[in-house]
Amino acid sequence: MVGRVSAEDPVGVRWRVRGRVQGVGFRWFTRNAARELGVAGKVRNLADGSVEIEAVAPEGVLKHFKERVLEGPPGARVSGVDEEAMPAQDWDRFDIER
């Protein structure tokens with residue numbers, strides 16, 4: 001059917017992760033988890049102490065990725081995540097944006 005999105009089609013999401021997420025290896029953890037799961041996108045620190053993640057993958061993969069993000073690396077403590085949909089970008093990998 002034309003116009004229908006299958007479970008395997010990539011979708012885009014932007015998360016703003018709050019809590020103790022800077023200075024604890026959170027971006028590196030996120031990049032490694034994304035690459036293991038086949039998620040494309042980027043992660044960066046924001047000036048307010050939060051971390052922004054833009055990710056593209058099938059919905060099921062993003063669900064697992066979010067579970068990993070909420071867990072975080074040792075020393076991190078996620079207190080909340082703001083989520084918004086975004087257009088699926090044509091990225092071929094996941095990187096840390098400086």
Shortest non-hydrogen contact from [X] toward [Y]:
{"X": "Ala40", "Y": "Phe94", "answer": "C-CD1, 3.6 Å"}
{"X": "Gly12", "Y": "Val56", "answer": "CA-CG2, 4.1 Å"}
{"X": "Ile53", "Y": "Val17", "answer": "CD1-CG2, 3.9 Å"}

Return the [atom1] to [atom2] distance between [X] and [Y], rounded to the nearest 0.5 Å.
{"X": "Arg68", "Y": "Asn32", "atom1": "CZ", "atom2": "CG", "result": "8.5 Å"}
{"X": "Lys42", "Y": "Arg14", "atom1": "NZ", "atom2": "CZ", "result": "8.0 Å"}
{"X": "Trp15", "Y": "Glu52", "atom1": "CH2", "atom2": "CD", "result": "12.5 Å"}

Could you please spell out the steps behind the salt bridge (charged side-chain N to carboxylate O under 4.0 Å, His left out) verdict for Arg35 and Asp95?
-> CA-CA 9 Å; Arg35 289 182 176 181; Asp95 288 309; 3.0 Å; yes
Connected via hydrophobic side-chain network under 4.5 Å: [X] and [Y]:
{"X": "Phe26", "Y": "Leu46", "value": "no"}
{"X": "Leu37", "Y": "Trp91", "value": "no"}
{"X": "Val13", "Y": "Phe65", "value": "yes"}
{"X": "Val51", "Y": "Leu62", "value": "yes"}

Check the pair Arg18, Asp48 against salt bridge (charged side-chain N to carboxylate O under 4.0 Å, His left out), reporting the backbone distance first and the verdict last.
-> CA-CA 9 Å; Arg18 298 181 316 277; Asp48 66 0; over 6 Å; no
Check: Glu54 side chain, Met86 main-chain N or O, donor-acceptor pair, under 3.5 Å =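 A pair under 3.5 Å: no.
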Residues Glu97 and Arg27 bridged, charged N to O under 4.0 Å =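 No salt bridge links Glu97 with Arg27.
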Report yes if some heavy atom in the side chain of [X] is under 4.5 Å from a heavy atom in the side chain of [Y]; otherwise report no.
{"X": "Val39", "Y": "Val61", "answer": "yes"}
{"X": "Val24", "Y": "Phe29", "answer": "no"}
{"X": "Trp28", "Y": "Val43", "answer": "no"}

State whether a side-chain donor-acceptor pair under 3.5 Å links Arg16 with Ser50.
->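 Their side chains do contain a donor-acceptor pair, which is all the 3.5 Å distance test asks for.
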